[in-house]
Amino acid sequence: MLVHVNPTTDSATPLAAPPRSPSRPRMHRAWIVAAVTFVTIIGGAAFNSLPGLLIDPLHTEFGWSRGEIGLAVSIDMALYGLTAPFAAALMDRFGIRRVVVVALSAVAAGALAGVWMTAAWQLMLYWGLLVGLGTGSMAMAFSATVTHRWFVARRGLVSGILTAAGASGQLVFLPLCAWIVDRHGWRPASVTVALAALVVVPFVWLLMRDHPADVGLAPYGGTYVEKPAPAKGAATRTLRVLADAARTGPFWLLAGTFAICGASTNGLIRTHFVPSAHDHGMPITAAASLLAVIGVFDVIGTVFSGWLTDRFDARRLLAVYYALRGVSLLFLPMLLGPSVHPPMVFFIVFYGLDWVATVPPTMALCREQYGEDSAIVFGWVLASHQVGAALVAFLGGVARDVFGSYDVVWYAAGALCASAALMALVIRRAPQDGLVAR
């Protein structure tokens with residue numbers, strides 16, 4: 001006990017102890033929200049494992065051309081992207097939890113309804129429209145919204161981790177769905193991904209919170225701010241943000257590079273790698289396993305990219321990523337064969353590290369350029385990503401029907417990646433201090 005000695009009386013009187021600072025929780029609630037977001041993206045992304053596995057089974061059972069099946073996949077991908085910016089605004093208006101629960105339900109409904117389809121238009125309705133709207137509402141704009149609201153420090157790292165969730169879903173569901181398709185047919189696989197989406201709903205409703213102020217906390221690494229009032233006119237705001245961003249050069253450069261990113265990943269590898277490998281005699285299960293391995297290294301590469309984004313110029317990172325991806329795609333036609341050999345394994349590891357490493361620096365550049373509107377702007381940039389993916393998902397199938405091979409598609413994608421590397425280098429810095437908010 002602290003005492004004070006009175007010089008006149010020599011008596012000791014106790015002094016009040018200094019006030020103790022309130023105990024702090026071991027883990028900030030932001031990390032729990034990030035974990036729920038990670039699991040949600042995995043559950044919602046389960047469907048993305050299916051299209052590449054089902055092109056051949058659907059072609060065999062119904063006689064639909066690969067172009068028709070690719071068109072349904074392209075509708076899904078385009079809606080995935082076009083829904084994202086509106087979903088970000090809807091989250092501002094109605095809250096993250098409500099939007100995500102509805103989105104998961106739409107994915108489950110589309111996957112289940114597809115079990116009973118008998119015509120190509122039903123494939124486009126169930127897998128294209130319903131699933132596209134659902135997955136689009138849980139697209140990367142969801143990650144951007146959570147990151148922007150709950151984190152000030154470690155934003156690059158968190159955006160990398162959440163981006164890697166999609167790859168983690170691929171890692172979990174690709175081998176499982178490939179095994180189900182091979183042993184039991186494509187319908188049980190569709191039911192499996194529907195159930196995966198539904199299982200996540202309780203976690204979102206019970207553990208997700210829309211804003212740190214809902215639980216009386218400041219964002220991680222920041223100071224406490226009041227929760228803003230719900231933003232009305234979500235669609236109007238989304239279109240206004242697009243109109244404002246479209247007047248700036250960096251928006252078009254970011255949209256162009258990200259369109260090429262989508263074309264060379266979701267549109268090309270995720271949709272056409274398995275059937276292309278199967279064309280060369282490789283079993284579907286082996287090709288799907290290789291695609292899943294891409295998911296393993298995608299997680300590593302994306303998290304590492306987030307770490308790099310917190311420390312280095314995002315423009316130069318993007319240029320390096322796109323250049324390396326383009327070179328790897330040019331070599332792929334020479335590596336495909338009936339068996340898995342060391343050069344193919346090297347490609348899988350190399351490509352996996354680069355798969356969506358582009359996302360953290362692209363998010364960072366959106367934050368740098370557009371501030372509070374960055375989540376919605378990133379939603380529009382993501383829309384371009386999915387439009388690029390949709391075009392290649394469709395045109396890749398058409399090219400296979402016309403040429404009997406995917407080789408021309410691989411070479412064209414490699415050339416596109418080279419152009420994306422050049423575009424990334426000419427993105428100007430933002431006028432305000434040129435620093436990314438972290």
Side-chain angles (χ1 to χ4, degrees), residues 45-77 107-132 135 169-197 266-295 336 338 340 389-390 392-406 409:
F47 183 87
N48 293 333
S49 304
L50 278 184
L53 300 176
L54 301 190
I55 289 178
D56 286 339
L58 292 177
H59 174 72
T60 300
E61 179 172 339
F62 298 107
W64 301 334
S65 71
R66 291 176 175 82
E68 287 179 302
I69 300 169
L71 179 59
V73 177
S74 72
I75 293 172
D76 166 47
M77 291 183 175
V107 173
L112 282 176
V115 171
W116 293 281
M117 64 186 175
T118 56
W121 68 266
Q122 293 171 325
L123 176 70
M124 296 172 193
L125 175 63
Y126 302 146
W127 289 12
L129 182 63
L130 271 178
V131 174
T135 55
Q170 175 177 299
L171 169 64
V172 171
F173 288 100
L174 253 176
L176 174 63
C177 289
W179 179 83
I180 293 173
V181 170
D182 186 54
R183 298 293 182 90
H184 305 287
W186 64 269
R187 289 179 176 84
S190 189
V191 172
T192 299
V193 299
L195 293 176
N266 291 354
L268 185 60
I269 295 292
R270 178 170 286 168
T271 305
H272 295 294
F273 177 80
V274 171
S276 178
H278 190 54
D279 284 347
H280 288 78
M282 186 179 294
I284 289 179
T285 50
S289 296
L290 288 176
L291 203 55
V293 172
I294 286 180
L336 290 169
V340 178
V392 172
F394 171 61
L395 294 176
V398 172
R400 172 62 177 78
D401 289 335
V402 172
F403 299 109
S405 167
Y406 284 103
V409 186

Item to check | Partners passing side-chain hydrogen bond (donor to acceptor under 3.5 Å, both in side chains) against W186 (at least two apart in sequence or in another chain) | outcome: E61
Next on the checklist: Please report the interatomic distance OG1(T192) to CD1(I180), rounded to the nearest 0.5 Å.
Outcome noted: 3.5 Å
Checklist outcome for this item: Taking every heavy atom of L112 against every heavy atom of A194, the minimum-distance pair comes out as CG-CB, 3.6 Å
Checklist entry - Which pair of non-hydrogen atoms, one from F173 and one from A196, has the smallest distance, and what is that distance? => result CZ-CB, 3.5 Å
Checklist outcome for this item: The reported gap from NE2 in H59 to OG in S65 (rounded to nearest 0.5 angstrom) is 8.0 Å
Item to check | Distance (rounded to the nearest 0.5 Å) between T285 OG1 and L290 CG | outcome: 10.0 Å
Checklist entry - With S276, which of I269, T271, L336 fulfils side chain to side chain contact (heavy atoms under 4.5 Å, CB included)? => result L336
Next on the checklist: Please give me the minimum heavy-atom distance between D279 and Y406, naming the atom from each residue.
Outcome noted: OD2-CE1, 3.7 Å
Checklist entry - Ignoring hydrogens and geometry, is there a side-chain-to-backbone donor-acceptor pair from H280 to P338 under 3.5 Å? => result no
Item to check | Atom pair CG (L54) and CZ (R187), whose distance is rounded to the nearest 0.5 Å | outcome: 10.5 Å
Item to check | Donor-acceptor pair, side chain of H278 and main chain of M282, under 3.5 angstrom | outcome: yes
Item to check | Euclidean distance, L130 CG relative to T135 OG1, rounded to 0.5 Å | outcome: 10.5 Å
Item to check | Partner residues of D182 under the salt bridge (charged side-chain N to carboxylate O under 4.0 Å, His left out) criterion, sequence neighbours left out | outcome: none
Listed pairs under 3.5 Å, donor-acceptor, residues 114-121 side chains, sequence neighbours left out:
| unit_1 | atom_1 | unit_2 | atom_2 | d |
| --- | --- | --- | --- | --- |
| T118 | OG1 | Q122 | OE1 | 3.4 |

Checklist outcome for this item: Correct closest heavy-atom pair for L123 and I69 would be CD2-CA, 4.1 Å
Item to check | For the student: nearest non-hydrogen atoms of V392 and V409, plus distance | outcome: CG1-CG1, 4.4 Å
Item to check | Spatial distance of atom CG (L58) from atom CH2 (W127) [nearest 0.5 Å] | outcome: 5.0 Å
Next on the checklist: If you compare all heavy atoms of G132 against all heavy atoms of D76, which two are closest, and at what distance to 0.1 Å?
Outcome noted: CA-OD1, 3.1 Å
